[in-house]
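Below, all heavy atoms of this structure are taken into account, side chains as well, without hydrogens, waters or symmetry copies.
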Amino acid sequence: MNRLDAFLEGFRDYFKSGTRNVADSASAFIRGLFVAERSNLQQISESIDDAGHQNLQYLVSEAKWDHQAVQRKIAQGADALLGGHDDSVLIIDESGFTKKGECSVGVRRQWNGRLGKVDNCQVGVFAALSHGIGVALIDARLYLPKEWTESKRRCDKAHIPTDCREFKTKSQIALEMIRNARAQGLRFAFVGGDAGYGKEPAFLRAVEDLGEKFMVDVHSNQRIFLDNPSPEIATRKGTSGRIPKALVSTRKSVRVDTWMKKQPKSAWQSLQVRHATTGPITVDAIYRQVWLWNGTEEKPRRWTLLIVRNPTDHDDLHYALTNAAEDTKLLNLVQIERQRFWIEHALGDAKSEIGMAQYEVRSWIGWHRHMTLCMMANLFSVMERVRVASKIPLLSARDVRCVIAEMIVHPEKARDKIYKIIASRQKQRWASTENRYKKAGLNPSYNSLVCSTK
């Protein structure tokens with residue numbers, strides 16, 4: 001039994017219902033994600049012997065299996081691989097899926113982050129567990145706009161379960177994911193997210209109230225207090241009129257970008273975050289303790305503002321807030337903040353290499369099942385990359401897919417031939433990497449890149 005077979009065998013019981021077991025169809029679907037040029041049901045069935053188009057359609061649309069249970073199994077596998085470290089991060093992000101028409105569940109004209117514009121699309125909220133450059137998708141939920149939750153006809157037609165028809169913002173979905181991950185015992189030190197979540201201070205407060213540490217980006221217009229605003233009830237003016245009851249701040253707030261522009265050049269620290277194939281990743285960073293107050297809480301929140309910028313392009317920068325311990329070193333904060341980008345890589349790899357965006361389903365259950373099966377394939381790909389990281393640190397998701405596809409399509413082909421192909425790619429990448437480091441006056445080693453994968 002090869003590693004892929006052993007991996008799929010571990011999920012077999014999750015596709016059983018009564019006397020019916022669609023595990024063979026699920027295995028064929030996963031194999032097809034690695035083999036087919038386009039990961040739709042037709043091409044998967046044509047690429048994998050005995051898969052059967054109708055069997056795959058039944059698997060995705062009608063069979064009695066619980067995608068949430070499978071996602072929990074995926075999460076446990078990801079935790080065993082990536083959890084339990086000081087820099088293990090649960091990252092939340094969303095991704096758009098362009099669709100035509102108005103029948104696909106959750107579709108409407110809305111922001112599609114992948115295209116950077118408003119588009120007719122579906123939007124999924126995803127959670128990933130990350131450690132170093134290893135990242136695995138562990139949770140996927142479809143966002144339903146109010147146009148859908150307020151239309152019983154559309155919900156019925158898309159077969160949305162009755163308990164899933166309540167409107168929830170993406171931040172509310174993200175909070176559910178965080179609670180769910182912790183309830184499963186997943187071991188992460190921080191929650192990460194982009195400014196789409198950081199722009200909502202209520203979300204950050206809710207994460208902190210869950211007892212979690214966070215590192216979340218915010219927009220440049222985020223307002224902060226440089227000193228404790230010490231909210232107090234306003235003093236009554238005169239003897240007539242209403243007695244003041246509302247709290248007011250004793251300090252004025254300032255925008256984060258306004259504060260940043262006033263900082264001297266000497267306040268910034270140059271930090272090498274990690275090694276990469278393009279050379280050492282270096283940033284400029286600055287941080288300080290700040291206060292945030294929502295106008296109603298009796299006690300302001302004391303958090304840390306972190307600003308990270310490109311040393312050669314000062315317009316390329318990110319603002320973040322964190323409730324990490326005040327004595328946390330700046331380098332550690334920057335490394336945690338940089339982790340957020342890996343979920344974008346995970347979603348990009350899932351869409352380009354295992355067909356996450358190439359589905360032909362319109363229903364609620366069909367969307368979640370397709371995403372779940374893609375997440376299974378993603379986890380196996382990540383497991384393979386981590387397994388060989390010490391020997392092949394430059395292995396890409398595409399390399400993994402090519403190796404698996406070759407072994408599926410040509411099982412009789414000597415593995416030595418496949419490994420020679422990968423070794424040739426590694427040699428070319430290493431030569432390019434070595435050249436970049438030498439131009440920077442540095443002497444790279446495989447060990448430095450291996451360290452960045454852990």
Verify whether one side chain among Glu208 and Trp303 offers a donor that lies under 3.5 Å from an acceptor in the other. yes
Between Lys351 (side chain only) and Gly348 (backbone N and O only), is there a donor and an acceptor less than 3.5 Å apart? no
Sidechain-backbone polar pair: Asp119 side chain, Cys121 backbone, donor-acceptor under 3.5 Å: no
Quick test of your reading of the model: are Arg309 and Asp316 salt-bridged, counting only N-O distances below 4.0 Å? no
Using a 3.5 Å distance criterion without hydrogens, assess whether the side chain of Arg401 forms a donor-acceptor pair with backbone atoms of Ile354. no
Between Asp156 and Arg153 (salt bridge meaning N to carboxylate O under 4.0 Å), is one present in this structure? no
Going by heavy atoms in the side chains, are Val118 and Gln110 under 4.5 Å from each other? no
Using the ring of Tyr143 (Phe, Tyr or Trp, six-membered ring only), decide whether Lys170 places NZ or CZ under 6.0 Å from its centre and within 45 degrees of its axis. yes
Lys NZ or Arg CZ of Arg20 over Tyr58 ring: under 6.0 Å, within 45°: yes
Ala320 backbone acceptor or donor facing Glu337 side chain under 3.5 Å: no
What I want to find out is whether Arg141 reaches Asp139 closely enough, with some N-O distance under 4.0 Å, to be called a salt bridge. yes
Step by step, would you call Glu176 with Lys168 a salt bridge (Lys or Arg N to Asp or Glu O under 4.0 Å)? CA-CA 10 Å; Glu176 287 185 355; Lys168 296 175 182 177; 2.7 Å; yes
Does this structure show an ion pair linking Lys73 with Asp13, if we count only N-O contacts that are shorter than 4.0 Å? no
Salt-bridge contact Arg154-Glu147 (side-chain N to carboxylate O under 4.0 Å): no
May I ask you to establish whether Lys99 and Tyr359 are in a cation-pi arrangement, using a distance under 6.0 Å from NZ or CZ to the six-membered ring centre and at most 45° from the ring axis? yes
Decide yes or no on salt bridge (Lys or Arg N to Asp or Glu O under 4.0 Å) for Asp66 and Arg369, but give the supporting numbers first. CA-CA 9 Å; Asp66 184 356; Arg369 286 181 171 180; over 6 Å; no
